[in-house]
Amino acid sequence: MVQKPSIPKGTRDFSPVEMARRNYIFNTIKEVFMLYGFQPIETPSMENLSTLMGKYGEEGDKLLFKILNSGDFISKVPDVLLEEKNSAKITTKISEKGLRYDLTVPFARYVVQHRNDIIFPFKRYQIQPVWRADRPQKGRYREFYQCDVDIIGSNSLLNEVELAQIIGDVFQRLKIKSVVKINNRKILAGIAEVIGEAGRITDITVAIDKLEKIGQDKVNLELAEKGIPAEAIKKLQPILHLAGTTSEKLRQLEGILAGSETGLKGVGELNTLFSYFETLQLPVEAELDLTLARGLNYYTGAIIEVKAKDVEIGSICGGGRYDDLTGIFGLPDVSGVGISFGAERIYDVLSQLELFPSESLEATKILFVNFGKDEELYSLGILSEVRQKGINAEIYPEPAKMKKQMNYANRKQIPYVVLAGESEIQQQKMTLKNMETGNQQLVTSSELIKILSE
RNA sequence: GUGGUUGUAGCUCAGUUGGUUAGAGCACUGGAUUGUGGUUCCAGGGGUCGUGGGUUCAAAUCCCAUCUACCACCCCA
């Protein structure tokens, strides 16, 4: 019995139309990356679990896809463990590889491993799929592409500025109206310090990250549930409701965070950043957003997130600065900053706003109808000529009925069809049909190429 | 990982209180039209009713489990 084929949960096939659109996104992003001097690298789909585990928090470890060891792996597991039925413990015995969860951690591993060959500051980009064992939803998959750009080995804020410019360029080219939200981990740390809960930064940031979504009251409730004292929560309130322009907000923060050295440093960093933006006139809106927390625990400085203005969707790009990502792999004090474009979400935004350019760019431009053996030979010669001029062309591979061949051209949206039968061959010409208008004309091969090159 | 909704032809969906051979539109194949597609007309192929159990004389229909997609949490691109 034949079984119905299917693909694993949360994965997708990409058909030609989707590929053309995805390539449009990837190519646009790549072009901009290269414009700023970034170079591509690729890393393997799988990494050793030891490099992946513990980098994304407890949740992250659960969401890692693990790969079973080869061979008779189960016989090597001690009976005691099998009887205990503890998945976590057995996992370490039967799996030592996992699929990558993001591109940043493998990049850190790469940097440490190749530190002697890399020219620092190292500017690299990387466009590859990542895998998460998350429960799929709309716009959330178990396999999806990330487009990462990172600069590693430089503390300069100029790097943050360049990333903001890249964001501006990319979304301007894609015609997506967007706003860049910026925050700084040091400010968040400062806030926690000032309200007397320095040790609880993670709980506090995770809660205030939801401010926009669930509202102030629920945020306060969540903070209280996490065990933050009422007094600290009270102190937090005015900070969450700073008003005015970015520079006004920063000035107010300076006062609030006067007691925190880290906090003030963060304010200083944002001041420089925003003054750069002002003089450079970014092609994109940038604003300070104190509620921007981002879960990843390795960020230490700037936190960046981009939202599309005309579509209700999560962030389409995000990132930040990490001061010591490579430290865990034995290379301390190397600071980096990077962002990641979410290809799938950008895809969704572009389709919802119908901003994809006409897809025919990569498709066949002309089809030669196949009339039989002799005519085929005649067409084949012209076909090579056309291809040599860089025009995408094809010949129908069998002398099928006209209707079938025309229908093929029609369905593939091929704009031109060449008909070369007995009478055309005698004149050393061919009939060129415009599929859109239906017009036909008798042309020579050089006339044909001229028309197609227009 | 927790809770909810869902599933009938390649796609979008009908299918009565459980009752003969499960239907339609689009798509596909062939013909009307032997060198002319996108319009029209005619004919045809295509179904383990998501999967596995159960209740019943009888299940697409009722019950349970499971898988998928979607939604809300959690988290995130």
Side-chain angles (χ1 to χ4, degrees), chain A residues 1-13 15 25 29 56-64 87-88 100-104 127-148 202 205-207 209-210 213-214 218 222 292-297 304-308 313-319 339-349 367-372 375 396 399-425 430-440 442:
Chain A
M1 200 209 276
V2 283
Q3 56 167 354
K4 233 179 203 170
S6 64
I7 54 175
K9 186 199 277 220
T11 63
R12 295 152 299 159
D13 288 325
S15 297
I25 296 172
I29 290 174
Y56 311 103
E58 222 175 288
E59 278 297 317
D61 283 355
K62 281 189 210 155
L63 297 178
L64 282 172
S87 305
R100 72 166 99 78
Y101 179 91
D102 70 1
L103 299 177
T104 310
I127 299 177
Q128 288 189 278
V130 303
W131 293 268
R132 296 182 188 179
D134 208 354
R135 181 175 286 213
Q137 270 179 50
K138 198 173 199 92
R140 281 175 84 162
Y141 305 94
R142 289 185 144 184
E143 177 184 61
F144 61 96
Y145 276 73
Q146 288 192 329
C147 314
D148 273 35
T202 313
T205 52
V206 166
D209 188 32
K210 296 176 191 161
K213 204 171 168 188
I214 63 175
K218 283 187 180 163
E222 187 169 325
L292 179 61
R294 291 189 65 81
L296 294 170
N297 20 30
I304 304 162
E305 192 166 289
V306 184
K307 292 214 160 177
I313 200 165
S315 66
I316 50 179
C317 177
I339 50 171
S340 178
F341 289 81
E344 335 294 326
R345 288 200 177 160
I346 293 174
Y347 186 99
D348 287 345
V349 171
L367 173 80
F368 286 73
V369 169
N370 192 325
F371 283 113
E375 294 90 338
Y396 200 84
K401 282 186 181 143
M402 254 302 229
K403 181 181 167 128
K404 199 168 180 181
Q405 301 193 40
M406 293 301 281
N407 201 239
Y408 175 83
N410 196 46
R411 298 222 304 144
K412 273 188 88 172
Q413 295 189 43
I414 299 172
Y416 291 100
V417 164
V418 161
L419 305 163
E422 221 175 310
S423 61
E424 283 95 344
I425 295 174
M430 68 213 78
T431 301
L432 175 68
K433 182 181 173 101
N434 181 323
M435 290 296 277
E436 209 179 320
T437 61
N439 291 341
Q440 295 187 185
L442 198 63

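Reminder, nothing fancy here: chain letters follow the sequence lines and each chain counts from 1.
- Rounding to whole angstrom units, CD of residue A/Q137 and P of B/U6 are separated by 18 Å.
- The separation of B/A24 from B/A9, taken at their C1' atoms, amounts to 11 Å, rounded to a whole angstrom.
- The pairing partner recorded for B/A43 is B/U29, the criterion being a Watson-Crick or G-U wobble arrangement whose two distances lie under 3.5 angstrom.
- By the 4.5 Å heavy-atom criterion applied to side chains, A/R100 and A/Q146 are not counted as neighbours.
- Heavy-atom neighbours of A/E422 CD from other residues, nucleotides or ligands within 6.0 Å: at or below the threshold of 12.
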Under 4.0 Å protein heavy-atom contact, by nucleotide of nucleotides 32-46 of chain B - B base, S sugar-phosphate only: B--BBBB--------
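- Between the side chain of A/R132 and the backbone N or O of A/D102, no donor-acceptor pair lies under 3.5 Å.
- Look at A/K62 and you won't find any side-chain N or O under 4.0 angstrom from OP1 or OP2 of B/C75.
- Within the 4.0 angstrom heavy-atom criterion, no nucleotide atom of any strand lies near A/F341.
- Nucleic acid contact class of A/G372 (heavy atoms, under 4.0 Å, all strands): none.
- To the nearest whole angstrom, the two P atoms, one in B/U33 and one in B/U16, are 44 Å apart.
- Spacing between atom CG of A/L63 and atom P of B/C73 amounts to 17 Å, rounded to whole angstrom units.
- Atom pair A/R135:CZ and B/C74:C1' shows a separation of 11 Å (rounding to whole Å applied).
- Classified by interplanar angle (parallel below 30°, tilted 30° to 60°, perpendicular above 60°), the ring pair A/Y396/A/Y408 is perpendicular.
- A straight line from CG of A/D134 to P of B/C73 spans 14 Å, rounded to a whole angstrom.
- Using a 3.5 Å distance cut-off with no hydrogens or angles, the side chains of A/E424 and A/T431 do pair a donor with an acceptor.
- For the pair A/Y141 and A/P136, both in contact range of RNA chain B, the more 5′-proximal nearest nucleotide belongs to A/P136.
- Taking a pair to require two hydrogen-bonding distances under 3.5 Å in either a Watson-Crick or a G-U wobble arrangement, B/A77 remains unpaired.
- Rounded to whole Å, the separation between the C1' atoms of B/U2 and B/A59 comes to 33 Å.
- A distance of about 39 Å separates the C1' atoms of B/A77 and B/A14, rounded to the whole Å.
- Look at NZ on A/K9: it is 8 Å from C1' on B/U68, rounded to the nearest Å.
- Comparing the C1' positions of B/U6 and B/U51 gives an interatomic distance of 15 Å, to the nearest angstrom.
- Using the Watson-Crick or G-U wobble rule with both distances under 3.5 Å, B/A24 pairs with B/U12.
- Counting heavy atoms from C-beta outward, A/L103 and A/Q128 have side chains that approach closer than 4.5 Å.
- With P as the reference atom, B/G31 and B/C71 are 45 Å apart, rounded to whole Å.
- Counting to the nearest Å, the P atom of B/A72 and the NZ atom of A/K210 are 15 Å from each other.
- With hydrogens and angles ignored, a donor-acceptor pair under 3.5 angstrom links the side chain of A/R140 to the base of B/C75.
- Between B/C49 and B/A22, the distance separating the two P atoms is 10 Å to the nearest Å.
- A/R12 has its CZ atom 15 Å from the P atom of B/A77, to the nearest Å.
- In this structure a side-chain-to-backbone donor-acceptor pair under 3.5 Å is missing from A/E436 to A/P415.
- Across all strands, A/K412 comes closer than 4.0 Å to no nucleic acid atom at all (heavy-atom distances).
- A donor-acceptor contact shorter than 3.5 Å links the side chain of A/E344 to the backbone of A/Y145.
- Comparing the P positions of B/U12 and B/G7 gives a spacing of 12 Å, expressed to the nearest Å.
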